Amino acid sequence: MQQAHLKGQSQRLALEHLVNPPRLFPDPEIPTPWPPSPRCWDSVVHPFEVRQEWYRDYLVELGEDPLPFVGSVTVNGIPHIAAASIVAFLGSRGRTCLWPEPRNHLFDVVVDMAEAAGILVMTSPWGMEGGAGPFDAEEVLGLTLTHELAPVIVLNERQGKDDQLLTLARHLALVWLGQSGVSTAAAPVRSDASMPRFCDAVAREVVARLHRHVAANKLVVPSMPSIDGWLAVATRSSRTFTRALICNTGGTSTTFMSAFRMLGIKSTDVFDAIGRSLDLEV
């Protein structure tokens with residue numbers, strides 16, 4: 001138990017050392033205590049650490065190799081070169097077909113690319129009553145838990161898709177840097193601004209390049225006009241993670257109760273419904 005506590009404490013310290021990207025648009029001044037209290041870090045980070053640890057162990061059992069892009073750039077690098085690397089890798093994972101009507105948002109396409117590349121993209125209603133709870137006085141925009149096998153990016157689902165896309169691009173930059181961290185609506189003043197400036201510059205270039213890449217290649221995610229609530233639950237926890245979890249629950253390694261906790265559900269009926277939404281036989 002003490003070892004687990006120290007591990008969590010180490011993760012929190014790593015997150016505290018991240019310098020947040022500057023605000024893209026001028027926002028009202030928001031009082032921002034920094035660093036947040038350990039209790040708040042626990043409530044924000046722990047559910048995603050649990051999912052990441054399960055998926056990491058799953059990949060280890062499969063004998064998967066580390067992802068080559070994690071930690072492949074440095075903050076002293078050139079942003080447009082880092083952005084080119086991100087877009088080239090994600091672009092090779094896209095799916096080609098005609099644009100559906102109505103057209104999917106670029107954000108959905110990039111999430112599909114990131115998941116196909118091995119990055120788990122999750123969402124959370126931070127700052128919303130009944131969600132992760134208000135994170136002190138600030139609003140979390142994104143969280144990265146980097147790992148060479150199972151990097152996780154968590155986005156605030158309360159943001160619009162344009163804002164989510166930019167936040168996702170910033171946190172992709174963190175994965176390429178091999179760094180864990182959190183970005184907030186109100187960036188605290190820190191003495192070393194090299195990382196936020198790098199992430200912000202990379203993110204802007206990534207979004208611009210992705211617009212061009214996706215438009216030129218007509219890359220889309222499969223059209224899902226009748227997305228139901230169960231598929232939304234799977235998407236919130238990362239479809240890649242949810243699919244792997246459902247397919248590997250009920251054996252000796254993962255109990256149904258553990259799977260329920262990781263998905264935030266309470267019954268086998270809901271578990272089965274989520275599986276069916278992913279076209280799994282349950």
Side-chain angles (χ1 to χ4, degrees), residues 1 3-5 7-8 11 39 41-64 95 104 107-108 111-135 140 142-145 147 149-158 164 221-282:
M1 181 66 71
Q3 184 178 4
H5 171 72
K7 178 182 177 182
Q11 177 69 71
R39 180 182 60 81
W41 276 123
D42 285 339
S43 66
V44 169
V45 176
H46 183 67
F48 309 111
E49 285 182 319
V50 171
R51 293 174 189 166
Q52 182 185 49
E53 184 174 358
W54 184 93
Y55 193 69
R56 178 203 65 201
D57 292 344
Y58 164 72
L59 293 179
V60 168
E61 288 185 8
L62 292 179
E64 295 291 334
R95 305 176 187 178
N104 283 308
F107 170 74
D108 300 311
V111 169
D112 183 66
M113 290 177 172
E115 292 247 321
I119 301 169
L120 303 181
V121 181
M122 307 178 186
T123 64
S124 178
W126 282 311
M128 179 180 289
E129 197 69 28
F135 186 64
V140 177
L143 170 71
T144 294
L145 300 175
H147 190 276
L149 276 176
V152 171
I153 294 177
V154 190
L155 304 171
N156 189 332
E157 64 189 34
R158 299 173 66 202
Q164 283 184 317
V221 289
S223 182
M224 295 174 294
S226 60
I227 183 170
D228 60 23
W230 304 127
L231 188 56
V233 173
T235 301
R236 174 180 284 183
S237 300
S238 160
R239 292 184 195 178
T240 300
F241 167 81
T242 304
R243 184 178 288 106
L245 179 64
I246 290 176
C247 290
N248 291 273
T249 294
T252 57
S253 59
T254 306
T255 66
F256 278 96
M257 291 307 298
S258 295
F260 291 174
R261 283 194 295 271
M262 283 187 274
L263 293 176
I265 62 176
K266 297 181 179 180
S267 73
T268 303
D269 289 342
V270 172
F271 182 85
D272 291 346
I274 295 172
R276 287 191 294 271
S277 75
L278 293 169
D279 295 325
L280 298 175
E281 294 184 6
V282 292

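As the structure is a prediction and not an experimental result, all values here were calculated from the model.
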To the closest 0.5 Å, what do you measure between [atom1] ([X]) and [atom2] ([Y])?
X: Q52; Y: M122; atom1: CD; atom2: CE; value: 8.0 Å
X: T235; Y: E157; atom1: OG1; atom2: CD; value: 10.5 Å
X: H147; Y: E49; atom1: NE2; atom2: CD; value: 11.5 Å
X: E115; Y: R239; atom1: CD; atom2: CZ; value: 8.0 Å
X: R261; Y: K266; atom1: CZ; atom2: NZ; value: 12.5 Å
X: L263; Y: I246; atom1: CG; atom2: CD1; value: 6.0 Å

Can you tell me which residue pairs pass the ring-ring contact (aromatic ring centres under 6.0 Å, His included) test with a partner in residues 236-259, sequence neighbours excluded?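 As it turns out, the ring-ring contact (aromatic ring centres under 6.0 Å, His included) pairs with a partner in residues 236-259, which skip direct neighbours, are W54-F241, F256-F271.
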What are the two closest heavy atoms between G118 and P151, and how far apart are they?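 Shortest heavy-atom contact: O-CD, 3.8 Å.
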Taking [X] for its side chain and [Y] for its backbone only, find out whether a donor-acceptor pair lies under 3.5 Å.
X: T249; Y: L245; result: yes
X: E64; Y: L59; result: no
X: R56; Y: L149; result: no
X: Q164; Y: N156; result: yes

Got a sec, which residues hit salt bridge (Lys or Arg N to Asp or Glu O under 4.0 Å) with R243, two or more places apart in sequence or on another chain?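 By the salt bridge (Lys or Arg N to Asp or Glu O under 4.0 Å) rule, R243 matches no residue at all.
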Side chain to side chain contact (heavy atoms under 4.5 Å, CB included) involving V270 - partner list, sequence neighbours excluded: W230, I265, S267, I274
Heavy-atom distance under 4.5 Å between the side chains of F260 and T255, does that happen here? no
4.5 Å side-chain heavy-atom contact, V121 and L155: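 Yes. Closest side-chain heavy atoms under 4.5 Å.
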One pair to check against side-chain contact (heavy atoms from CB on, under 4.5 Å): Y55 and S238. What are the steps and the verdict? CA-CA 11 Å; Y55 193 69; S238 160; over 6 Å; no
Starting from the C-alpha separation in whole Å, work towards a yes-or-no answer on side-chain contact (heavy atoms from CB on, under 4.5 Å) for L278 and L231. CA-CA 7 Å; L278 293 169; L231 188 56; 3.7 Å; yes
